[in-house]
Amino acid sequence: MSEEKKQTKKPFQNLFNKIKKIKHLDIILTVLFIAIILLIYFSSFSFTQTKENSNSNSNTQQGQASTTFEEYVLSLTNQIENIVSSIKGAGNTKVMLYFEEGIKTEIAYSTETKTLSDGTKVEVKSPVLVTKNGQDEPIVLQETMPKPVSIIIVANGAENTNVKLEILRLVQAMFEIGSSKVEIFAGN
């Protein structure tokens with residue numbers, strides 16, 4: 001058994017001795033290490049950039065809807081923050097909105113009545129498509145933006161009960177939302 005261990009140690013010991021004989025090994029290892037780090041950095045940068053490009057190209061319509069929804073939420077949040085902070089004593093305000101659903105899109109359909117071989121009549125609905133930038137897209141009749149289902153507000157002046165009630169009344173008037181769906185906290 002000891003002879004087998006010596007034989008397996010010997011090739012590794014020979015390799016180790018050869019590596020030790022290389023001049024400026026520390027410099028070579030440092031350059032190699034830096035090259036590996038740069039390779040990983042640039043390959044991950046390239047992968048991220050390629051992934052972003054493919055995502056933006058593949059789901060253009062979905063990306064536009066998502067961006068539109070995000071813009072809507074940001075705009076609505078900013079409007080609420082501005083209005084609430086204008087209440088006397090409210091001070092600096094932060095708002096967070098929660099939605100159960102996204103944008104509701106109503107598209108145009110064409111209805112066609114077909115008679116089957118047994119005499120049964122069937123209505124077939126299919127979306128009306130229009131070609132835009134070389135792609136078929138349905139005609140959008142209406143987009144309905146969702147209302148928030150719950151709202152969280154943090155206002156500096158919310159420790160004052162009167163200010164808190166004014167904020168609550170304002171939000172309820174804006175969204176026709178129950179007081180149980182609105183939480184108001186005092187900020188720093």
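Between the CD1 atom in Ile103 and the CD atom in Gln142 there is a gap of 12.0 Å [rounded to 0.5 Å]. In this structure, the separation between OG1 on Thr93 and CG on Asn78 is 12.0 Å, given to the nearest 0.5 Å. Between atom CD of residue Glu183 and atom NZ of residue Lys164 there is a gap of 8.0 Å, rounded to the nearest 0.5 Å. Atom NZ in Lys94 sits 10.0 Å away from atom CG in Asn156 (nearest 0.5 Å). Note that OH of Tyr72 and CD of Glu143 are 12.0 Å apart. Values are rounded to the nearest 0.5 Å. Summarising the geometry, atom CD1 belonging to Ile151 is positioned 9.0 Å from atom OG1 belonging to Thr77; distances are rounded to the nearest 0.5 Å.
Criterion: ILVMFWY side-chain heavy atoms under 4.5 Å apart, direct or through other members. Under it, Ile167 and Ile152 are not part of a common hydrophobic cluster. Cluster membership check: Val95 does not share its hydrophobic cluster with Tyr98, using side-chain heavy-atom separations under 4.5 Å among Ile, Leu, Val, Met, Phe, Trp and Tyr. Ile139 and Leu129 sit in two unconnected hydrophobic clusters of ILVMFWY residues. Membership requires side-chain heavy atoms under 4.5 Å apart, directly or through other members. Hydrophobic clustering, with ILVMFWY side chains joined whenever heavy atoms are under 4.5 angstrom apart, keeps Ile80 apart from Leu165. Hydrophobic clustering places Val182 together with Ile87 (ILVMFWY residues linked when any side-chain heavy atoms are closer than 4.5 Å, directly or through intermediates).
No side-chain heavy atom of Lys181 sits less than 4.5 Å from a side-chain heavy atom of Val149. Under the 4.5 Å side-chain criterion, counting only non-hydrogen atoms from C-beta, Gln172 is in contact with Ser179. Counting heavy atoms from C-beta on, the side chains of Glu112 and Lys125 never come closer than 4.5 Å. With a 4.5 Å cut-off on side-chain heavy atoms, Pro146 and Phe69 count as touching. No side-chain heavy atom of Thr111 sits less than 4.5 Å from a side-chain heavy atom of Val124.
Scanning both residues, Ser85 and Ala90, for their nearest heavy atoms gives CA-CB, 4.3 Å. The nearest pair of heavy atoms linking Pro138 to Pro127 is CB-CB, 4.4 Å.
The backbone N or O of Leu116 lies less than 3.5 Å from no partner atom in the side chain of Thr120, so there is not a single donor-acceptor pair. Distance alone, capped at 3.5 Å, places no donor-acceptor pair between the Ser75 side chain and the Glu71 backbone.
Of the residues Ile184, Ile153, Ile83, the one that meets the side-chain contact (heavy atoms from CB on, under 4.5 Å) test with Val171 is Ile153.
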*Run the side chain to side chain contact (heavy atoms under 4.5 Å, CB included) check on Leu97 and Leu76 step by step: do they pass?*
CA-CA 9 Å; Leu97 305 172; Leu76 194 57; 3.8 Å; yes
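By the neighbour-count criterion of 12 heavy atoms within 6.0 Å, atom CG of Asp118 is densely surrounded, having more than that number from other residues, nucleotides or ligands. Residue Met96 qualifies as open at atom CE: its count of foreign heavy atoms under 6.0 Å is 12 or below.
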